[in-house]
Amino acid sequence: MPESPPYSPQSGRPERAFLDANVIRGQQTTDVLLSLADNDVFQPRWTEHVIDEMRRNRPPGLSEKAIDRRIGMMNGAFEDAMTEAPPQALQDEMQADPKDKHVLAGAVHSESDVLVTNNLKDFDPPSSGPNAMRVEGLNQFLNRKLEEDPQRVQQGLQKMLDRSRREPKTMSALIDTMAQGEELRGFAQKLNTVVPPEQRGTSPVLTANERGSAQRAAFEGVAGPGKPQAPASAPEARKAGDSKSAERMKGAEQEQ
């Protein structure tokens, strides 16, 4: 398989992201990810094997009928997301936990730019060559997309809120809701520093994080006892897509 040019924000195309079952298992993580994909923040990829794992490991209390309805909406809204199963020979080559070789092989075979998973310890792909693959946790991936294109990410989330018929219905409430769980807390904390002040969440988790950041900033550069202070150096200086599949996705947030 020829090596694809690496993705960059300047490449002029959305990043292809292979989604492991553990990041599309829950309703909220699925809503956030696919709402961003619907706004061209990235292009999702998965295989039937991943979808089967998602179905088997659905959240407690979610019926098989409900998860099948969500899967149908996902495949209907993102017709190019389902990719063919990777060859067994490719799976055997993968540097991953045996049970997850099919996931890494699916990412490589679909020519994805990144594998998004919450089981980072199970993957150790090479950084170059035909089997190279960037592997990121869910919060790491979302925070990077937020840094690359904050406007498009916020637009995607706002569209999700606008079509939802249940709480949360405001950006502030969404940030607070994400902050309460572990899966999206890191993203909520980052997002809270990017949105306008009137859209920020008020969860104690967020304010505690802000206080910690302020304390670290206040003491940054202060020499420890008995250590000479190094000379201060000057700090370096550091779009809206069409919602073609929004209607087909409408109602996905209504699952119980």
Side-chain angles (χ1 to χ4, degrees), residues 15 17 19-39 41-42 44 54 57-62 66-67 70 74 114-121 135-220 238 246 249 251-256:
E15 188 173 25
L19 305 180
D20 197 358
N22 53 57
V23 301
I24 50 176
R25 170 181 174 273
Q27 182 67 63
Q28 187 177 62
T29 56
T30 304
D31 286 349
V32 168
L33 280 166
L34 298 190
S35 293
L36 297 189
D38 191 48
N39 205 44
V41 173
F42 71 95
M54 170 191 168
N57 297 294
R58 62 186 182 275
L62 186 65
I67 196 69
R70 189 204 301 176
M74 289 166 56
V114 60
L115 164 61
V116 185
T117 179
N118 280 332
N119 286 337
L120 295 174
K121 61 180 177 58
V135 181
E136 292 181 337
L138 177 59
N139 285 278
Q140 182 183 6
F141 172 70
L142 292 174
N143 285 350
R144 180 167 61 81
K145 303 315 292 184
L146 183 60
E147 291 177 356
E148 291 176 358
D149 200 338
Q151 181 179 357
R152 193 177 290 275
V153 169
Q154 290 176 77
Q155 288 172 343
L157 294 174
Q158 188 59 56
K159 290 178 182 179
M160 178 185 78
L161 294 169
D162 290 345
R163 69 173 177 264
S164 179
R165 289 177 287 178
R166 61 178 174 83
E167 296 294 339
K169 294 184 179 180
T170 66
M171 189 67 72
S172 175
L174 174 64
I175 292 173
D176 281 341
T177 300
M178 292 192 298
Q180 295 311 305
E182 294 184 3
E183 287 186 309
L184 292 167
R185 182 175 297 157
F187 178 52
Q189 292 170 336
K190 179 74 172 179
L191 181 63
N192 206 50
T193 68
V194 174
V195 297
E198 65 274 12
Q199 293 185 352
R200 291 175 186 165
T202 59
S203 167
V205 174
L206 297 167
T207 55
N209 183 67
E210 290 169 0
R211 286 196 300 271
S213 298
Q215 289 172 348
R216 285 193 298 273
F219 286 99
E220 192 172 85
R238 283 207 20 99
M249 292 175 65
E253 297 87 356
Q254 312 308 316
E255 289 180 8
Q256 301 298 326

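- Note that CZ of F187 is 8.5 Å distant from CG of N139, once rounded to the nearest 0.5 Å.
- The distance from the CG atom of L34 to the CE atom of M160 is 10.5 Å, given to the nearest 0.5 Å.
- To the nearest 0.5 angstrom, T30 atom OG1 is 6.0 Å from I24 atom CD1.
- L191 has its side chain within reach of M178: a pair of non-hydrogen atoms, C-beta onward, lies under 4.5 Å apart.
- The OG1 atom of T177 sits 10.5 Å away from atom CG of L184, with the distance rounded to the nearest 0.5 Å.
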Taking it one step at a time, do F42 and V114 satisfy side chain to side chain contact (heavy atoms under 4.5 Å, CB included)?
CA-CA 10 Å; F42 71 95; V114 60; over 6 Å; no

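- Once rounded to the nearest 0.5 Å, the distance linking CG of L19 with CG of L115 reads 8.5 Å.
- Residue E182 places its CD atom among 12 or fewer non-hydrogen atoms of other residues, nucleotides or ligands, all under 6.0 Å distant.
- S172 and R200 form no side-chain donor-acceptor contact under 3.5 Å, judged by distance and modelled atom types alone.
- For the pair Q158/R163, no side-chain contact is recorded, criterion being any heavy-atom separation below 4.5 Å from C-beta on.
- The shortest side-chain heavy-atom distance between N39 and K159 falls under the 4.5 Å cut-off.
- Contact check for L157 versus V153: side-chain heavy atoms found under the 4.5 Å cut-off.
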Give the C-alpha distance, both sets of side-chain angles, the deciding distance and a yes or no for side chain to side chain contact (heavy atoms under 4.5 Å, CB included) between K145 and L36.
CA-CA 9 Å; K145 303 315 292 184; L36 297 189; 5.5 Å; no

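- In plain terms, the two heavy atoms of L146 and K190 that are nearest each other are CD2-CG, 3.5 Å.
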Verify side chain to side chain contact (heavy atoms under 4.5 Å, CB included) between R70 and L62, making sure each step is shown before the conclusion.
CA-CA 11 Å; R70 189 204 301 176; L62 186 65; 3.5 Å; yes

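- Proximity of a side-chain donor or acceptor of Q154 to a complementary backbone N or O of P150 within less than 3.5 Å is detected.
- Proximity of N119 to N22: side-chain heavy atoms (C-beta onward) are separated by under 4.5 Å at one or more points.
- Here Q199 contributes atom CD and I175 contributes atom CD1; the two are 7.5 Å apart, rounded to the nearest 0.5 Å.
- In the model, T117 has a side-chain atom that pairs as donor or acceptor with a side-chain atom of D20 under 3.5 Å.
- Under 3.5 Å, the side chains of Q27 and D31 contain a donor-acceptor pair of N or O atoms.
- Comment: E15 engages R144 in a salt bridge, judged by a side-chain N to carboxylate O separation of less than 4.0 angstrom.
- Not a single donor-acceptor pair under 3.5 Å links the side chain of N118 to the backbone N or O of G137.
- Judged purely by atom type and a 3.5 angstrom limit, R185 uses its side chain to pair as donor or acceptor with the backbone of Q180.
- A heavy-atom distance below 4.5 Å is not found between the side chains of V41 and D149.
- At a threshold of 4.5 Å between non-hydrogen side-chain atoms, the residues V23 and F141 do not count as touching.
- Side-chain atoms of V116 and L138, non-hydrogen and from C-beta on, do get closer than 4.5 Å to each other.
- No donor-acceptor pair under 3.5 Å is formed between the side chain of N57 and the backbone N or O of R25.
- With S35 contributing its side chain and V32 its backbone, the two residues share no donor-acceptor pair below 3.5 Å.
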